[in-house]
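Here is the structure we will look at, set down as structure tokens.
Chain letters run A, B, ... following the sequence lines, proteins first, then strands; residues in each count from 1.
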There are 2 protein chains.
Amino acid sequence: MEHSEVKAIYNKYIREKNLRDTKQREFIIEEFLSSKKHITVEELHGQLEKRTGNIGIATIYRTLKVMCECGLANEIKLGREKARYEQSFGYEHHDHLICEKCGKFIEAKDERIEKLQKELVKKYGFSPRAHKLEIYGLCSACKQKRRKDG
Amino acid sequence: MEHSEVKAIYNKYIREKNLRDTKQREFIIEEFLSSKKHITVEELHGQLEKRTGNIGIATIYRTLKVMCECGLANEIKLGREKARYEQSFGYEHHDHLICEKCGKFIEAKDERIEKLQKELVKKYGFSPRAHKLEIYGLCSACKQKRRKDG
DNA sequence: CAATTACTGATAATGATTATCAATACCATT
DNA sequence: AATGGTATTGATAATCATTATCAGTAATTG
């Protein structure tokens with residue numbers, strides 16, 4: 001669990017793009033990789049404040065953008081909420097079931113849906129680059145709670 | 001093509017909610033129903049400026065919110081772009097293929113995907129309220145153009 | 001018609017994200 | 001190790017879609 005593979009990809013990317021290796025980015029990436037999935041910039045900023053002292057929030061935005069560019073993170077934007085970021089290395093594409101009560105993200109996957117999507121775009125001569133399936137509703141825990149609360 | 005069904009639903013809704021029937025809302029709804037799909041507030045505002053004189057942009061936001069509440073419109077939000085609204089009366093649920101070059105929205109639909117989504121949520125004990133499938137890429141026209149341009 | 005209260009429109013406020021910019025840090029080269 | 005070129009940082013100003021505010025207006029009810 002040393003994140004060496006992710007860091008190797010990151011290092012390769014910054015070399016290719018003539019970016020520089022900085023302490024701040026290392027701290028941010030380390031913290032990002034060690035955190036819960038679907039973290040916000042604000043949350044990361046708070047965690048870094050405690051562990052490594054202040055790092056400008058703009059730098060966190062910038063670093064996560066780089067992580068997305070090199071395919072190591074995904075940005076998830078829902079409606080008007082602030083963006084969340086998830087690791088993408090070692091994770092396959094998945095859909096999100098999003099609980100509108102507690103905010104939980106459930107990651108789900110169905111090979112058959114993926115396959116049908118490929119058929120769908122083909123029908124329209126469309127070349128897909130990425131796709132996103134989000135299902136909004138109530139998770140089972142919140143459903144039960146609601147039943148009790150009335 | 002007089003939109004009478006939509007207006008009936010709208011009228012029923014405002015009566016139930018003790019809202020009032022105003023000229024501005026009538027103009028906005030008429031214009032919305034007569035416009036292209038996937039319109040922005042700004043675009044609607046511009047069109048109304050010409051046809052019916054100025055209507056405050058806040059009023060357009062408010063009216064579209066009401067339309068969404070009574071199930072006559074859907075809000076579509078992509079990333080950081082401004083929201084777009086589509087009519088939902090008389091239209092079935094559909095997915096969107098979104099061209100990242102020209103911005104075109106293609107509406108697509110696959111009953112089998114819908115069905116698999118229902119199975120998927122069941123597996124997780126999740127109660128869906130709504131869902132959204134968006135596929136980003138290049139439409140066929142832009143693909144061909146890109147081929148020519150190099 | 002009068003009273004009540006929702007609505008309007010101008011505009012201020014909000015809030016996440018991005019741009020700016022002077023100071024600093026990285027890194028290849030000498 | 002010093003130097004120069006330039007990417008990076010952090011503070012903060014700017015942006016921009018959307019929402020809140022509020023005084024004046026207009027719809028509805030009795």
Side-chain angles (χ1 to χ4, degrees), chain A residues 7 10-32 38-49 51-70 73-85 103, chain B residues 7 10-32 38-49 51-70 73-85 103:
Chain A
K7 287 180 181 169
Y10 167 74
N11 285 326
K12 182 163 181 287
Y13 183 79
I14 62 171
R15 259 180 277 122
E16 282 169 0
K17 295 280 181 182
N18 273 322
L19 307 182
R20 288 177 186 172
D21 192 21
T22 68
K23 286 190 219 69
Q24 286 90 339
R25 284 192 185 144
E26 279 184 24
F27 286 139
I28 294 167
I29 292 171
E30 187 62 49
E31 192 68 32
F32 174 61
H38 311 127
I39 197 166
T40 64
V41 166
E42 198 183 18
E43 288 166 347
L44 255 182
H45 186 240
Q47 290 179 196
L48 284 162
E49 188 93 50
R51 292 215 195 166
T52 60
N54 182 61
I55 290 182
I57 200 159
T59 299
I60 299 173
Y61 275 103
R62 288 184 284 234
T63 301
L64 286 174
K65 181 178 264 183
V66 172
M67 293 292 277
C68 288
E69 284 165 7
C70 64
N74 288 324
E75 186 189 55
I76 304 169
K77 273 199 72 67
L78 303 180
R80 327 188 133 59
E81 292 172 36
K82 54 190 76 167
R84 292 183 174 275
Y85 295 84
Chain B
K7 286 181 181 168
Y10 168 73
N11 285 326
K12 183 164 181 287
Y13 183 80
I14 63 171
R15 259 180 277 123
E16 282 168 1
K17 295 280 181 182
N18 275 320
L19 307 181
R20 288 178 184 169
D21 192 21
T22 67
K23 288 191 218 67
Q24 287 89 338
R25 284 191 185 145
E26 279 184 24
F27 287 139
I28 293 166
I29 292 171
E30 187 60 51
E31 190 68 31
F32 174 61
H38 312 128
I39 197 167
T40 65
V41 167
E42 197 183 19
E43 288 166 347
L44 256 181
H45 186 241
Q47 291 179 197
L48 285 162
E49 187 93 52
R51 292 215 195 169
T52 60
N54 182 61
I55 291 182
I57 200 159
T59 299
I60 299 172
Y61 275 104
R62 289 184 284 234
T63 301
L64 286 174
K65 182 179 264 183
V66 172
M67 292 293 277
C68 288
E69 283 165 7
C70 64
N74 287 325
E75 187 190 55
I76 304 168
K77 272 199 72 66
L78 302 181
R80 326 188 135 59
E81 292 172 36
K82 54 189 76 167
R84 293 182 173 275
Y85 295 85

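At distances below 3.5 Å, at least one donor-acceptor pair connects side-chain atoms of B/T63 with backbone N or O atoms of B/T59.
Going from atom NZ of B/K17 over to atom P of C/dC7 covers 12 Å, rounded to whole Å. To the nearest angstrom, P of D/dT18 lies 9 Å from CD of B/E42. As a whole-Å value, the separation of B/K65 NZ from D/dA20 C1' is 10 Å. At whole-Å resolution of the value, CD1 in A/I55 and P in D/dT8 are 15 Å apart. Rounded to whole Å, the distance from CZ on A/R15 to P on C/dA28 is 10 Å. Spacing between atom CG of B/L44 and atom P of D/dT18 amounts to 12 Å, rounded to whole angstrom units. B/N54 places its CG atom 13 Å from the C1' atom of C/dT11, with the value rounded to the nearest Å. Per the geometry, CZ belonging to A/R25 stands 12 Å off C1' belonging to C/dA25, to the nearest Å.
Taking the ring-ring contact (aromatic ring centres under 6.0 Å, His included) definition, one finds that B/H45 meets it with nothing, sequence neighbours left out.
For the atom pair CG of A/L48 and CG of A/N54, the computed distance is 9.0 Å after rounding to the nearest 0.5 Å. Interatomic distance, A/E69 CD to A/Y13 OH, rounded to the nearest 0.5 Å: 4.0 Å. For the atom pair B/R62 CZ and B/Q24 CD, the distance stands at 9.5 Å (nearest 0.5 Å). Note: B/T52 OG1 to B/I28 CD1 = 8.0 Å, rounded to the nearest 0.5 Å. Between the CZ atom of A/F27 and the CD1 atom of A/I60 there is a distance of 12.5 Å, given to the nearest 0.5 Å. One distance of note links OG1 of B/T40 with NZ of B/K82; it measures 6.0 Å at 0.5 Å rounding.
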Pairs under 3.5 Å (N/O, protein and nucleotides 26-30 of chain D):
unit_1: D/dA27; atom_1: OP1; unit_2: B/K23; atom_2: NZ; d: 3.2
unit_1: D/dA27; atom_1: N3; unit_2: B/R20; atom_2: NH1; d: 3.3
unit_1: D/dT28; atom_1: OP1; unit_2: B/D21; atom_2: N; d: 3.2

Check: protein-nucleotides 12-14 of chain C nitrogen or oxygen pairs below 3.5 Å:
none

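Of all heavy-atom pairs between A/H38 and A/E43, the closest is O-OE1, 4.2 Å.
Taken residue by residue, residues 76-84 of chain A places heavy atoms nearer than 4.0 Å to DNA chain D at A/R80.
Counting only residues at least two apart or in different chains, salt bridge (Lys or Arg N to Asp or Glu O under 4.0 Å) contacts with residues 14-29 of chain A comprise A/K12-A/E16.
For A/E42, the CD atom is loosely surrounded, since the number of other residues' heavy atoms within 6.0 Å does not exceed 12. Around the CD atom of B/E49, the shell of radius 6.0 Å holds more than 12 heavy atoms that belong to other residues, nucleotides or ligands.
Side-chain nitrogen and oxygen atoms of A/N18 include none within less than 4.0 Å of the OP1 or OP2 phosphate oxygen of C/dC26.
B/I57 comes within 4.0 angstrom of no nucleic acid atom, judged by non-hydrogen atoms across all strands.
Five base pairs at each end of the helix from C/dC1-D/dG30 to C/dT30-D/dA1 define two local axes, and these are offset by 30° (rounded to 10°).
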**OP:** Walk me through it: do A/Y85 and A/N74 pass the test side chain to side chain contact (heavy atoms under 4.5 Å, CB included)?
**Re:** CA-CA 6 Å; A/Y85 295 84; A/N74 288 324; over 6 Å; no
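In this structure, the nucleotide among C/dA16, D/dT18, D/dT8 sitting nearest to the side chain of B/Y61 is D/dT18.
B/E75 and B/R84 are not joined by a salt bridge, as no carboxylate oxygen comes within less than 4.0 angstrom of a charged side-chain nitrogen.
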